[in-house]
**Q** 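Please read through the structure below; I'll follow up with questions.
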There are 2 protein chains.
Amino acid sequence: MDASPTETSGLADLDATSLLVLREIAERGSITAAASALGYSQPALSQQVRRAEARAGVALVERTGRGIRLTPAGRVLARHGGAVATALEAARGELADLRGLRSGRVRLMAFPSASPSIVPEFMAEMARRHPGVRVSFVEAEPPEAVAAVREDRADLALTFSYPGDHTDPHRESARGLEVTTIGSDPMHVVLPDTHPLAGGDTVDLAGLSREPWIAGCPRCRGHLLELCDTAGFAPRIAVETDNFVAVEELVASGLGVAVLPALAIESAGKRAGVAVRGTTNGDRRTLHLVTARGGRGVPAVAVAAEALARLVAGRGGTPADPRPGRTIEGDV
Amino acid sequence: MDASPTETSGLADLDATSLLVLREIAERGSITAAASALGYSQPALSQQVRRAEARAGVALVERTGRGIRLTPAGRVLARHGGAVATALEAARGELADLRGLRSGRVRLMAFPSASPSIVPEFMAEMARRHPGVRVSFVEAEPPEAVAAVREDRADLALTFSYPGDHTDPHRESARGLEVTTIGSDPMHVVLPDTHPLAGGDTVDLAGLSREPWIAGCPRCRGHLLELCDTAGFAPRIAVETDNFVAVEELVASGLGVAVLPALAIESAGKRAGVAVRGTTNGDRRTLHLVTARGGRGVPAVAVAAEALARLVAGRGGTPADPRPGRTIEGDV
DNA sequence: CATCGATCATAAGCCAGCCTTATGTGAAGG
DNA sequence: CCTTCACATAAGGCTGGCTTATGATCGATG
């Protein structure tokens, strides 16, 4: 019995637009002015006020002679409309920064042999062209890099795959991620420069069937086995190490031969006593970029991906298809 | 040449709803949950996100396995969505307070003879039933009270008018305001209790045509002249004062007779030696409430108006028509 | 490995909110 | 008194946005 008769529950729902409209009216002093400021016709605003009043259940404006003035309730909405406008403006600004690459962040993961070659160039390029974008880098083998993207510990993964690789991280484990092929990296044979086959431009692996082999990381080892299988033999693996410098050292010492990706060789530096030759088949590994599905919609990630693709292409890797990412559909 | 290819002007327009949607998604962790929280279907939100992305020109969410996660841009919107939600909530709260009369303000202006009678009762009533509403009061003659409402120096004016009053503030000057008649106040003849006509229940003014008269404020004086004119004579005005106590004193001293509104007599208190009688014609003045057009939509003003109408009716003034205010259309 | 459940995307269709143009009304000002 | 200005109202049309229905994908479970 204490409540006034005006007390209904109402408050159907007050929308943010109403606040903005009232704010504009309060600032301009008239509906007409507010309407043109907002790009609407005068009746449009008039109706919006009416609707807002219906929703609020209170008068928001009252007519005064030729114009209007706000009621206390109207002033309340106008006041809070200021906060809404501020929030909108701030959001717009930050969004523009992100879009304009004046801010943003890219967390890159890339395979080890990219660390000394592609990655520094990439980071320099990003720093030069988009100084507002923070770039971080963590070295990781492809499977972990892909997992990191999936778990949002990275935005972009630079990975590689071998043809026919059945533990290929881009097959099963990349489901739901976006994978773009950005080029390839030639596989080179590393052998002592005293080796008879070191004389030619390219080397046929079959000619090395009797040599002891030096294998790398598990997946590299798998690739080696496949290459040799194609060449018609099973390699005798004498040493396993993923240290590229060590591989060359071992080769120079005549303890075996190896197949290494060009990037790995580059990263290890030139080593006296070893010869590096392409394979007769022109074997290559393929380089990929992996992002979350839709991740390319993030401007900083998009430009980072483009920069990496450009760098890889400029390095002589087979230029990939156009840039749009392609989702793994179960079969690569 | 420095700008990235993503840099277009865009930012078509980002609406507040998008911020709220993103906020809800960020909080609930999924589109589906956010949709049901907001009372929409899942595709509705899905489409809203898509539209927001189109407007923003950036991806806002990215798919991750079975669910989604927000991109940096999405998180930006969600964050600012918090501010919008806060503002909305605050506005809703204040609005509810106004509607529920837990807050508000009423600035009342009323004619002098209401000050000691109606107004205190009114203020007590308001304090009792709506303690959250602040009530202020300024005494003013009707013309000034009406002007105050027009100039937003008052929310509510309690005024009176005399029948046929051509300087009636509710005629010309009340254009564009809302005027409600809430009752009337009987006009009483004040004469020495020794006067021959003091014997009857009512007095015929014609019987007082020879008496000296005591007139009040200018408008009251006009009314007096009209009453006497109707009775067929022109009064001889001996004194003019708008001090009611003085009037009774003068009457008691035998210096003249007067016509005063009941409220004025009540406010002056009982005075020995004077008789108060109704007129034969039952003359009355009419009491009005004046607000800005639409002012009755303000809850505090509405209840104040109702309270005043109730008080006047309870006091024996002719109960007015139902409460809805009626706008002056040029002719009262 | 196959099925189920959960989540999001897409498609199609429908409704209504909302805007626009045109016109009316009241008030202020010359 | 007539013009000007601001808001209200009316009528109509369009499109944004919601709903239902269905598809696709991934994770989990047995």
Side-chain angles (χ1 to χ4, degrees), chain A residues 12-13 15 17-18 20-21 25 28-55 59-70 74 147 150-151 171-178 292-294 297 327-331, chain B residues 12-13 15 17-18 20-21 25 28-55 59-70 74 146-147 150-151 171-179 292-294 297 327-331:
Chain A
D13 83 306
D15 70 337
T17 306
S18 304
L20 291 172
V21 167
I25 292 176
R28 310 269 167 188
S30 85
I31 292 184
T32 301
S36 79
L38 294 172
Y40 290 132
S41 66
Q42 170 264 314
L45 266 264
S46 227
Q47 290 175 58
Q48 275 214 36
V49 170
R50 167 182 300 281
R51 281 192 293 271
E53 284 182 325
R55 282 194 276 261
L60 299 175
V61 302
E62 43 189 27
R63 296 223 40 175
T64 110
R66 166 155 80 175
I68 56 160
R69 68 169 171 244
L70 297 184
R150 178 184 311 288
E151 294 158 23
R171 213 183 141 75
E172 295 305 314
S173 60
R175 280 188 184 284
L177 300 180
E178 231 164 61
R293 194 185 290 182
T327 300
I328 296 293
E329 300 288 4
D331 205 25
Chain B
D13 81 308
D15 70 337
T17 307
S18 303
L20 291 173
V21 166
I25 292 176
R28 310 268 167 188
S30 85
I31 292 183
T32 301
S36 79
L38 294 172
Y40 290 133
S41 66
Q42 169 264 314
L45 266 264
S46 226
Q47 292 175 58
Q48 246 187 78
V49 170
R50 165 183 301 282
R51 282 192 291 272
E53 284 181 325
R55 282 195 275 262
L60 299 174
V61 302
E62 45 190 25
R63 298 224 38 178
T64 107
R66 164 159 79 175
I68 58 161
R69 68 169 171 247
L70 296 184
V146 168
R150 177 184 311 288
E151 295 158 22
R171 209 181 146 76
E172 296 305 314
S173 59
R175 281 191 183 283
L177 299 180
E178 231 163 63
V179 180
R293 194 185 289 182
T327 299
I328 296 293
E329 300 289 4
D331 204 27

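Chain A is the first sequence line, chain B the second, and so forth, proteins listed ahead of strands; every chain is numbered from 1.
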**Q** Quick check on C:dC18: is either OP1 or OP2 less than 4.0 Å from any side-chain nitrogen or oxygen of A:R51?
**A**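 Yes, such a contact exists.
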**Q** Whole angstroms only, please: what is the CG-P distance between A:L38 and C:dC19?
**A**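 Rounding to the nearest Å, CG of A:L38 and P of C:dC19 are 10 Å apart.
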**Q** Tell me the interatomic distance from A:I68, atom CD1, to C:dA28, atom P, rounded to whole angstroms.
**A**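 Whole-Å distance recorded here is 15 Å.
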**Q** Mind calculating the distance between CD (B:Q42) and P (D:dA24) to the nearest angstrom?
**A**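 B:Q42 atom CD is separated from D:dA24 atom P by 16 Å.
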**Q** What pair of heavy atoms forms the shortest contact from B:G294 to A:A59, and how long is it?
**A**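 For B:G294 and A:A59, the tightest heavy-atom pair comes out as O-CB, 3.7 Å.
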**Q** Would you please confirm or rule out a distance under 4.0 Å between OP1 or OP2 of D:dT19 and any side-chain N or O of B:S41?
**A**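 True: B:S41 side-chain N/O within range (under 4.0 Å) of D:dT19 OP1/OP2.
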**Q** What are the two closest heavy atoms between A:L60 and A:E53, and how far apart are they?
**A**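 Residues A:L60 and A:E53, closest heavy atoms: N-OE2, 2.7 Å.
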**Q** Any idea which of C:dG29, C:dT20, D:dA8 is nearest the A:R63 side chain?
**A**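 Closest nucleotide to the A:R63 side chain: D:dA8.
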**Q** May I ask you to evaluate whether A:R293 reaches the phosphate of C:dA9, defined as a side-chain N or O under 4.0 Å from OP1 or OP2?
**A**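 It does not, given that no N or O in the side chain of A:R293 lies less than 4.0 Å from OP1 or OP2 of C:dA9.
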**Q** How many Å lie between CG on A:L60 and P on D:dA8, as a whole number?
**A**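 Going from A:L60 (CG) to D:dA8 (P), I get 12 Å.
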**Q** Between C:dC19, C:dA9, D:dA6, spot the one nearest the side chain of A:R66, thanks.
**A**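 That would be D:dA6.
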**Q** Counting only side-chain heavy atoms from C-beta out, which of C:dA11, D:dC7, C:dC19 sits nearest to B:Q47?
**A**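 The closest nucleotide is C:dA11.
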**Q** Using a cut-off of strictly less than 4.0 Å, decide whether A:S46 has a side-chain nitrogen or oxygen near OP1 or OP2 of D:dC7.
**A**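 No, outside the criterion.
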**Q** Quick one: pull up CG in B:D15 and CD in B:Q48 and give me the separation to the nearest 0.5 Å.
**A**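 Taking CG in B:D15 and CD in B:Q48, the distance rounds to 7.5 Å.
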**Q** For the pair made of CD in A:E62 and C1' in C:dA27, what is the distance, rounded to whole Å?
**A**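 My rounded result for the distance is 16 Å.
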**Q** Just the rounded figure in Å: distance from P of D:dA6 to CZ of A:R28.
**A**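 It is 14 Å, rounded to the nearest whole Å.
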**Q** Using heavy atoms to find the nearest nucleotide of DNA chain D for A:P43 and A:G67 separately, return the residue whose nucleotide is more 5′.
**A**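 In this pair, the answer is A:G67.
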**Q** Rounding to a whole Å, what distance do you find between B:R55:CZ and D:dG17:C1'?
**A**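 Going from CZ in B:R55 over to C1' in D:dG17 covers 10 Å.
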**Q** Taking the side chain as every heavy atom from C-beta outward, state whether A:L20 and A:L38 have any pair of such atoms under 4.5 Å apart.
**A**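 With C-beta onward as the side chain, the pair stays apart.
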**Q** By the 4.0 Å heavy-atom rule, please label B:S30 as base, sugar-phosphate, or nothing.
**A**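 If one applies the 4.0 Å heavy-atom cut-off, B:S30 turns out to touch the sugar-phosphate alone, with no base involved.
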**Q** Would you kindly compare A:L45 and A:T64 by the position of their nearest DNA chain C nucleotide and give the one closer to the 5′ end?
**A**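 Whichever sits nearer the 5' end wins; that is A:L45.
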**Q** In whole angstroms, how far is the P atom of C:dC8 from the CD1 atom of B:I25?
**A**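 Rounding to the nearest Å, CD1 of B:I25 and P of C:dC8 are 8 Å apart.
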**Q** Report yes if at least one side-chain N or O of B:Q48 is closer than 4.0 Å to OP1 or OP2 of D:dC18; otherwise report no.
**A**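 Result: yes.
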**Q** Measuring from A:S30:OG to A:R69:CZ, what's the distance to the nearest 0.5 Å?
**A**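 Reported value, rounded in 0.5 Å steps: 15.0 Å.
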